[in-house]
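What follows is a short report on a single structure.
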Amino acid sequence: MRRPILGGNWKMNKDLGQALAYASAFKEAVLGVDDADIVIFPPSVYIEKLSEAFKGSPVATGVQNLFWEEKGAFTGELSTSMVKSVGATYVLIGHSERRQYFSETNETVNKRLKAVLKAGLIPMLCVGERLEEREANETFSVIEKQLKEGLAGLSKDDAKKLTVAYEPVWAIGTGKTATPAIAQEVHGHIRGLLNSLFGKEIGESIRLAYGGSVTQENIDNLMAEKDIDGALVGGASLDPVSFERIVRFRRK
Ligand code: 13P
């Protein structure tokens, strides 16, 4: 049995006052939820205050990106030890917006992933095809390349700590959720790849989260699919009431 994981990726939204107001409402709302992992990925500048605010609740915090070097002359970057020291436990790696706007590649994904694992943080690796790739029937080959190159050199022990988020780019922020069947088809393929890379026992234990226009209306049906173990939620995680409903999805 894989434990569900629900992540709220705030992206570049909310000021500090809004972040803290959300935290106090959401913390109350999810007290007692003990059958899923809940992670908020706020802008990094709020990690320390939000980690404090969520103490004593089931909510963990994570960052949306970080740099692989430990310290030094890398203006504007944050290292694993920095984000750990302010309370982050999770890290998003290779989100499609990082790939699209900030030159993230499978190679840099791999460097970040190794640094995150070395530091004992929990990585959530994002993969997903663009619309033109889906239309050209390249979905599986794109995902396969993202996974093989992104995961290169990882040990089986490393792989056990991984969560993979499948986020088709055409579904992000567009209101066009992949149907549960489409998402399951790709998740099943990812599961097969992980099984072949790390062996069936580990491959079957890795959690696969779906992301792309997840809402309180579609979460239950998505989570009912065999290889959908969680969700990575953008827009619908910005409201604590809607994210609470997602976190409390109904088991079918
Ligand atoms: P939306 O839920 O807004 O489509 O965003 C998905 C996403 O990119 C989460 O990382």
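Counting starts at 1 for both ligands and their atoms, following the listed order. The figures that follow rest on heavy atoms only: side chains count, while hydrogens, waters and symmetry mates do not.
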Check: [Y] and [X] side chains under 4.5 Å, non-hydrogen atoms:
{"X": "Pro4", "Y": "Asp229", "value": "no"}
{"X": "Phe26", "Y": "Ile40", "value": "yes"}
{"X": "Val83", "Y": "Ile47", "value": "no"}

Could you tell me if Arg251 sits above the aromatic ring of Phe249, with its cationic atom closer than 6.0 Å to the ring centre and no more than 45 degrees from the axis?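 Pair Arg251/Phe249 counts as cation-pi.
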For ligand 1, does Ser237 get within less than 4.0 Å through its side chain, its backbone, both, or neither, judged by non-hydrogen atoms?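 Looking at Ser237 and ligand 1, no heavy atom falls under 4.0 Å.
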When you look for heavy atoms under 4.0 Å from ligand 1, do you find them on the side chain of Leu232, its backbone, both, or neither?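 Both parts.
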Counting each atom of ligand 1 from 1 as listed, which ones have a heavy atom of [X] under 4.0 Å away?
{"X": "Ala171", "result": "4 (O)"}
{"X": "Gly212", "result": "4 (O), 6 (C)"}
{"X": "Gly235", "result": "1 (P), 2 (O), 3 (O)"}

Which is closest to atom 9 (C) of ligand 1 in terms of heavy atoms, Lys176, Met124, Glu167?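 Among Lys176, Met124, Glu167, the closest heavy atom to atom 9 (C) of ligand 1 comes from Glu167.
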Between side-chain atoms of residues 176-183 and protein atoms elsewhere (two or more places apart, or another chain), which donor-acceptor pairs fall under 3.5 Å?
unit_1, atom_1, unit_2, atom_2, d
Thr177, OG1, Ser213, O, 3.1
Thr177, OG1, Asn218, ND2, 3.1
Thr179, OG1, Ile182, N, 3.0

Closest protein heavy atom to atom 5 (O) of ligand 1, given as residue, atom name and distance to 0.1 Å: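 Checked against all protein heavy atoms, atom 5 (O) of ligand 1 sits closest to Lys11 NZ, 3.2 Å.
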Protein contact of atom 2 (O) of ligand 1 - nearest heavy atom, named by residue and atom, plus distance: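 Going by distance alone, atom 2 (O) of ligand 1 is nearest to Gly234 N, 2.9 Å.
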Check whether the ring centres of Tyr22 and Trp10 lie less than 6.0 Å apart, and answer yes or no.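 Judged by ring-centre distance (under 6.0 Å), Tyr22 and Trp10 do meet the cut-off.
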With a 4.0 Å cut-off on heavy atoms, is [X] touching ligand 1?
{"X": "Gly173", "answer": "yes"}
{"X": "Gly175", "answer": "no"}
{"X": "Ala236", "answer": "no"}

Over all heavy atoms of both residues, which pair between Lys145 and Asn106 is shortest? Give the atoms and the distance, please.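 Smallest heavy-atom distance, with atoms named: O-ND2, 3.7 Å.
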Please find the pair of heavy atoms, one from Thr139 and one from Arg134, that lie closest to each other, and give the distance.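 Residues Thr139 and Arg134, closest heavy atoms: OG1-CA, 3.4 Å.
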